[in-house]
There are 2 protein chains.
Amino acid sequence: MRVKIVDVAREANVSVATVSRVVNNIPLVNEETKERVLEAIKKTGYKPNAIARSLKIQKTNTMGIMIPDITNPYYTEIVRGAEDVCGIYHYNIILSNTDFDPEKEKKSLNVLVEKQCDGIIYVGKDLSAEMQAELIDAPSEVVLGCIPDDSGFLSGVLINNETAAYELAMELIKMGHKKFMLFFDELEEGYIYQERKKGFIKAFEENNIEFDDSRILREKLSLSGGYTMMQEAINTGVDFTCVFCFNDQTALGAIRCAEEMGKKIPEDISICGFNNFWIAEWTRPQITTVAQPMYDIGAIAMRMLIKLCEKDGDRTVKNVYVPHEVHIRGSVTEIKK
Amino acid sequence: MRVKIVDVAREANVSVATVSRVVNNIPLVNEETKERVLEAIKKTGYKPNAIARSLKIQKTNTMGIMIPDITNPYYTEIVRGAEDVCGIYHYNIILSNTDFDPEKEKKSLNVLVEKQCDGIIYVGKDLSAEMQAELIDAPSEVVLGCIPDDSGFLSGVLINNETAAYELAMELIKMGHKKFMLFFDELEEGYIYQERKKGFIKAFEENNIEFDDSRILREKLSLSGGYTMMQEAINTGVDFTCVFCFNDQTALGAIRCAEEMGKKIPEDISICGFNNFWIAEWTRPQITTVAQPMYDIGAIAMRMLIKLCEKDGDRTVKNVYVPHEVHIRGSVTEIKK
DNA sequence: CTGAAAGCGCTTACAG
DNA sequence: CTGAAAGCGCTTACAG
């Protein structure tokens with residue numbers, strides 16, 4: 001049996017109120033009784049029941065984090081950043097993988113709310129109107145990761161995807177590329193997709209580069225998805241010298257396929273990823289990509305969330321844009337005229 | 001304000017007991033009143049308070065998972081396996097990164113216990129006597145990941161590291177290698193370290209291969225750690241044709257360093273990793289390694305843990321050894337005599 | 001400085 | 001089939 005506060009009280013010959021006071025470090029306790037209580041706690045091995053405490057004080061010091069897939073290195077870093085900040089402020093996180101599945105998301109949000117999470121971080125590539133409404137409605141505080149809020153009720157931490165894509169495209173255009181392809185997600189039409197597409201197309205248009213949707217391929221954003229898309233791109237005989245992949249895994253898959261099909265990377269095809277996952281400069285060729293400060297996104301989001309949860313914390317709601325960085329590496333090269 | 005059970009009761013004109021019964025799907029409720037309650041729940045938007053429920057029924061349906069670092073792809077997979085199983089059985093996980101730090105581990109265990117986790121999965125490379133005692137003592141159920149228990153009080157899920165290392169070494173020996181180096185962790189002397197070392201040395205001895213501890217290098221087990229060790233190995237002029245790295249990141253770092261120093265991999269040096277992280281066959285060269293079923297380790301451990309937590313679940317305590325697989329890939333080759 | 005008591009939001013014997 | 005009541009283990013005004 002777990003020992004409870006009343007056992008300690010009995011042992012120390014005081015009331016439970018007094019024990020509670022010393023456990024919670026409330027000052028107005030006589031030094032001597034405090035000693036006695038401390039002794040009793042040690043002797044009995046008492047550990048406060050946080051559940052009971054939470055029920056009483058209406059605060060769990062537990063945060064929920066909804067993330068598509070912890071296995072995706074991009075999200076892994078976010079979680080690590082969030083958890084580290086939690087540790088500092090004596091919170092814990094409940095982790096929930098949602099796999100971009102609206103049903104799972106709804107269920108997950110529900111249990112996080114039922115478990116009385118003080119706050120919830122919602123990470124995704126898009127925010128459906130329905131999900132947005134649920135998040136605004138939720139009694140827990142909410143901060144978005146990687147997507148902004150447009151309702152004025154939520155906060156978000158993210159990079160400017162449009163600018164990032166634009167800058168990346170401009171670099172490749174400067175290198176002489178004119179014939180591009182995009183390797184994007186199989187289904188997605190959501191926020192990040194739109195933003196990046198806007199950025200790429202803006203760069204294309206400013207430079208009078210022809211582009212239409214037939215140059216967008218769609219598959220799972222994975223090593224094998226990238227492989228498949230490259231296969232298709234080469235087989236259908238489209239004319240292209242450069243590919244923008246939605247993430248680095250996809251880019252690496254595409255690189256491998258191209259190599260196997262006899263292409264030299266970057267001489268024959270320049271290939272770019274996105275996110276700068278931890279291994280991007282250790283592959284051969286190294287992957288040209290846009291670095292997102294993923295750890296920081298998690299850490300900043302969590303900091304904001306904690307402030308929302310604390311009594312006199314900052315309650316300003318805002319979208320925070322964190323800096324990105326274009327990294328030009330070995331997977332791309334100037335076009336030879 | 002969150003709506004509570006009494007609000008629903010008032011709305012439906014029944015007692016809280018009745019509301020509780022329909023919420024928990026307890027059969028003996030009149031169909032008609034049930035309808036009325038359901039309606040009231042929908043109207044009020046009632047969501048049960050899981051904290052209050054937990055306090056009453058003495059069960060949180062929350063599991064703790066203590067893991068060195070979620071950012072290490074090896075552990076990421078374990079967490080995913082564990083979380084997926086949790087989802088099936090309506091549990092959630094609190095994630096805690098411990099960074100191999102005994103202090104953090106102790107603190108973490110403490111809050112998981114205070115938060116009344118039904119069970120805890122402890123993942124690590126070693127189990128100190130102190131930690132073992134604390135885990136046995138903990139009121140929450142415990143299952144170990146990646147390490148076995150020798151006390152008879154805990155369960156564990158892991159591969160046989162000695163056999164795995166032995167088999168890997170034998171493959172390389174068959175290829176004609178005789179001069180080996182080991183790239184191991186900077187500090188570690190723990191369980192997994194010992195087991196693997198035993199396995200390697202057993203293979204060496206059986207084949208009359210000379211080996212002593214001067215052939216073990218130690219550094220952080222990371223891309224840059226592997227890089228550093230290879231640099232040192234080459235610079236000190238030790239004679240070797242094959243390196244066993246403690247994990248795949250280290251192997252990849254070692255490969256890159258060797259390449260930069262003008263060595264051809266695998267022609268000049270054969271390099272092996274361990275774990276078969278998700279990218280191991282997409283690097284160039286592909287990494288020879290031992291695959292651990294990491295997802296399964298997490299999933300199985302969680303299944304066992306849940307059984308321990310359920311009323312009439314299987315309470316057998318045992319160490320479960322899951323199969324590993326040696327993958328010979330492009331980072332190694334036969335030695336040319 | 002300390003204790004008795006109420007209450008956090010549930011569940012569940014028990015009685016009817 | 002339904003409700004009144006006790007109790008899960010805490011915290012915290014309130015009184016002394």
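Labels below follow one simple rule: chain letters A, B, ... track the order of the sequence lines, proteins then strands, and each chain is numbered from 1. Both backbone and side-chain heavy atoms feed into the values below; hydrogens, waters and symmetry mates do not.
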Whole-Å gap separating C1' (D:dC10) and CG (A:Asn61): 15 Å
Using a heavy-atom cut-off of 4.0 Å across all strands, would you classify A:Val14 as base, sugar-phosphate, or nothing? sugar-phosphate
Heavy-atom check, side chain of B:Val123 versus side chain of B:Ile121, under 4.5 Å: yes
Between atom CZ in B:Arg53 and atom C1' in C:dC10, what is the gap in whole Å? 9 Å
Starting at CD1 of A:Ile5 and ending at C1' of C:dA4, how long is that distance when rounded to a whole Å? 14 Å
For A:Asp149, all residues meeting salt bridge (Lys or Arg N to Asp or Glu O under 4.0 Å), sequence neighbours excluded: none
Mind checking if A:Ser54 touches a base, just sugar-phosphate, or nothing, with heavy atoms under 4.0 Å? nothing
Here the residues of residues 18-31 of chain A within 4.0 Å heavy-atom distance, strictly under, of DNA chain C are A:Thr18, A:Arg21, A:Leu28, A:Val29, A:Asn30
Which helical stems does DNA chain C take part in, if a stem means at least 3 consecutive Watson-Crick or G-U pairs with both distances below 3.5 Å? C:1-3 with D:14-16, C:5-12 with D:5-12, C:14-16 with D:1-3
What pairs with B:Glu130 under salt bridge (Lys or Arg N to Asp or Glu O under 4.0 Å), at least two apart in sequence or on another chain? B:Lys106
Checking side-chain polar atoms at under 3.5 Å, does A:Asn161 have a donor or acceptor matched by the opposite partner on A:Tyr193? no
Separation between the C1' atoms of D:dT12 and D:dG16, rounded to whole Å: 16 Å
So which of residues 34-48 of chain B are in contact with DNA chain D, with a heavy-atom cut-off of under 4.0 Å? none
Report yes or no: do A:Thr60 and A:Ser54 form a side-chain donor-acceptor pair below 3.5 Å? no
Positive for side-chain contact (heavy atoms from CB on, under 4.5 Å) with B:Tyr89, one of B:Met63, B:Met302, B:Arg303: B:Arg303
Show me the side-chain donor-acceptor pairs of residues 137-145 of chain A shorter than 3.5 Å, one per line, residues at least two apart or across chains.
unit_1   : atom_1 : unit_2   : atom_2 : d
A:Ser140 : OG     : A:Cys117 : O      : 2.7
A:Glu141 : OE1    : A:Arg315 : NH2    : 3.4
A:Glu141 : OE2    : A:Arg315 : NH1    : 3.2

Over how many whole Å does the gap from A:Ile51 atom CD1 to C:dC8 atom C1' extend? 13 Å
What is the distance, to the nearest angstrom, from the CD atom on A:Gln116 to the P atom on C:dC8? 14 Å
Indicate yes or no: at least one non-hydrogen side-chain atom of A:Ile67 is less than 4.5 angstrom from one of A:Tyr75. yes
When rounded to whole Å, the CZ to P distance for the pair A:Arg2 and D:dG9 reads 10 Å
Residue met sooner reading DNA chain D from 5', once B:Val16 and B:Ile57 are mapped to nucleotides: B:Val16
In this structure, how many angstroms lie between the C1' atom of C:dG9 and the NZ atom of A:Lys59, rounded? 19 Å
State whether a side-chain donor-acceptor pair under 3.5 Å links B:Tyr122 with B:Glu105. yes
If only side-chain N and O atoms count, and only distance matters, is there a donor-acceptor pair under 3.5 Å linking A:Gln132 with A:Asp150? yes
Quiz question: by atom type and distance under 3.5 Å, do the side chains of B:Asn49 and B:Lys4 form a donor-acceptor pair? no
Just so I know, are the side chains of B:Thr62 and B:Asp118 near enough to count as touching, which here means a heavy-atom distance under 4.5 Å? no
How close or far is atom P of D:dC8 from atom NZ of B:Lys115, stated in whole angstroms? 23 Å
